[in-house]
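Atoms within each ligand, like the ligands themselves, are counted from 1 in listed order.
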Amino acid sequence: MLDKLNDFTGSHGQLQRGRGLVTGTIALSLGILCFLGVLAFHFPQYLTTPELRKSYNVDVMRFILLAAMVVSGGLALVNIIFNRSRWLSSAAFLLVAAAALLGGHKVPVNDFADNTPYIGLDWFILDLLGSSLIFIFIEKLFALRKDQPVFRAEWQTDFHHFVVNHMIVGFVLLATNLMVHKFFGWAANDGIRGWVGNLPFWAGLLLIILVADLVQYWTHRAYHEVPVLWRLHAVHHSVKSMDWMAGSRQHILELLITRTLVLAPIYVLGFSKEVIDAYIVVVGFQAVFNHCNVSVRLGPLRYIIVTPNFHHWHHSQDVEALDKNYSAHYAFLDYLFGTAVKSSRLWPEKYGVLGDYVPNGFFKQLKFPFVWKG
Ligand SMILES: [Zn+2]
Ligand SMILES: [Zn+2]
């Protein structure tokens with residue numbers, strides 16, 4: 001079983017249907033999440049994110065855990081009974097059994113100290129469950145490439161990026177917060193902060209997105225036009241299939257640099273907490289949605305708002321689209337700065353880096369910017 005599991009997690013191909021591999025993978029992923037979830041219940045001080053756990057309803061979390069255990073265990077059992085990919089489903093079943101033995105959804109949570117170092121296991125679990133449910137549903141409803149499966153080629157690499165980027169979210173938040181305060185603290189002006197902080201909600205939200213996207217646009221353009229920076233950003237562009245998982249493929253240094261630069265003006269200008277929270281929801285949704293395998297173009301609105309169609313073109317290998325469409329929220333910025341893709345075709349042909357020189361696999365991509373001789 002272990003040999004087969006090792007081979008399986010090390011591979012990068014598309015999952016074949018009809019042999020219990022897809023249901024087995026879902027059962028195993030859920031089984032792992034259940035096991036990690038029970039650990040988070042046992043050691044909340046080290047494994048959950050302080051900002052998140054303050055707003056949890058623990059009973060809802062327990063119910064989600066129980067539901068995941070039932071679904072994972074059920075899928076695994078059915079596969080074992082019908083002799084479909086038994087090795088995969090047995091591993092899933094063992095994990096669910098271990099989660100149940102460790103207390104399952106009934107682990108009591110006592111008072112614990114705050115301020116301990118932590119990894120954001122809870123954020124990873126909840127975001128994976130939430131995003132996969134919401135975005136796979138949207139992709140099935142509005143599929144662009146209907147024959148592209150959820151577990152397409154190279155999904156393992158993107159999943160690996162997803163896991164790592166989420167686990168270190170606490171560290172990234174802390175690091176960017178420190179850097180923003182250290183490097184940009186001098187720029188804060190009480191008069192401006194007061195004015196911005198008192199803007200009506202919708203005005204504040206439209207303004208915060210504009211400020212963030214202006215910074216994002218020029219940072220993103222620099223990633224494309226400055227060769228040293230392109231080394232980092234090429235990793236993001238190496239995805240060959242667009243879907244909800246594709247956007248996770250991003251070098252950790254790029255993540256840190258971009259977040260710091262985008263958060264700096266937001267901090268300096270002093271937006272209200274409601275506006276910042278709403279902006280985080282918008283960013284979180286658009287960052288995933290723009291990569292989704294959906295045929296969304298939005299008619300004339302596409303000249304104003306960034307759609308999946310707009311960002312798909314950014315990932316295209318077609319020469320007419322190279323180094324274009326940089327915006328993340330407001331498409332009009334690219335029309336304003338003269339970098340919008342103008343094509344007579346509706347959708348691009350092929351995604352990825354022209355010349356295909358970025359290796360596949362998480363660790364190879366982590367090293368890539370430092371070892372590439374291009
Ligand atoms: Zn780019
Ligand atoms: Zn992208």
Side-chain angles (χ1 to χ4, degrees), residues 131 135 138-139 144-145 148 152 154-155 157-162 165-166 212-259 261-262 282-297 302 305-331 333-335 337-341 343 347-358 360 362 365 368-369 372 374:
S131 313
F135 290 108
I138 297 178
E139 285 187 342
L144 169 65
R145 291 176 170 80
Q148 179 178 305
R152 38 80 183 170
E154 297 191 9
W155 69 271
T157 303
D158 297 335
F159 185 60
H160 203 155
H161 280 280
F162 183 98
N165 291 350
H166 278 75
D213 211 15
L214 273 172
V215 179
Q216 191 284 139
Y217 174 92
W218 286 104
T219 317
H220 192 177
R221 196 162 164 176
Y223 274 117
H224 279 254
E225 295 181 356
V226 180
V228 187
L229 294 176
W230 171 253
R231 288 171 171 262
L232 289 173
H233 191 54
V235 171
H236 180 62
H237 278 269
S238 67
V239 280
K240 298 184 199 82
S241 319
M242 294 290 277
D243 64 2
W244 67 282
M245 196 100 89
S248 307
R249 186 182 294 200
Q250 201 176 22
H251 199 279
I252 194 68
L253 266 183
E254 182 187 335
L255 196 75
L256 268 175
I257 295 172
T258 310
R259 291 244 176 117
L261 292 176
V262 170
V282 171
V283 172
F285 179 79
Q286 254 192 326
V288 179
F289 185 61
N290 289 338
H291 295 95
C292 274
N293 177 26
V294 289
S295 58
V296 174
R297 278 167 58 87
R302 69 175 184 273
I305 300 171
V306 171
T307 58
N309 177 265
F310 186 91
H311 197 64
H312 276 231
W313 274 110
H314 178 67
H315 278 268
S316 154
Q317 284 199 23
D318 305 17
V319 176
E320 66 200 291
L322 292 181
D323 304 330
K324 299 262 166 64
N325 284 15
Y326 293 118
S327 313
H329 306 290
Y330 288 146
L333 292 180
D334 274 287
Y335 290 97
F337 297 128
T339 46
V341 172
S343 174
W347 292 90
E349 210 47 30
K350 203 175 166 203
Y351 304 111
V353 173
L354 195 62
D356 239 350
Y357 45 80
V358 182
N360 185 28
F362 176 80
Q365 295 182 349
F368 171 79
W372 182 44

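The Zn ion (ligand 1) lies at the vertex of an angle of 160° between the NE2 atom of H233 and the NE2 atom of H314 (rounded to 10°). Rounded to 10°, the angle formed at the Zn ion (ligand 1) by NE2 of H224 and NE2 of H237 is 90°. The Zn ion (ligand 2) forms the vertex of an angle spanning NE2 of H311 and NE2 of H236; to the nearest 10 degrees it equals 160°.
Electrostatic pairing of K324 and D334 does not count as a salt bridge here, judged by no charged N lying under 4.0 Å from a carboxylate O.
In this structure, F289 has its ring center at least 6.0 angstrom away from the ring center of W244.
Under the 3.5 Å distance criterion, with hydrogens and angles disregarded, a donor-acceptor pair is assigned to the side chains of T339 and Y217. Remark: the H236 side chain and the H314 side chain contain no N/O donor-acceptor pair separated by less than 3.5 Å.
Among the backbone and side-chain atoms of H220, an N/O/S atom is found under 2.8 Å from the Zn ion (ligand 1). For the Zn ion (ligand 2), the N/O/S atoms of H315 include one lying under 2.8 Å.
The number of heavy atoms from other shown groups lying within 6.0 Å of CZ (R259) does not exceed 12.
Atom NE2 is the N/O/S atom of H291 found closest to the Zn ion (ligand 2).
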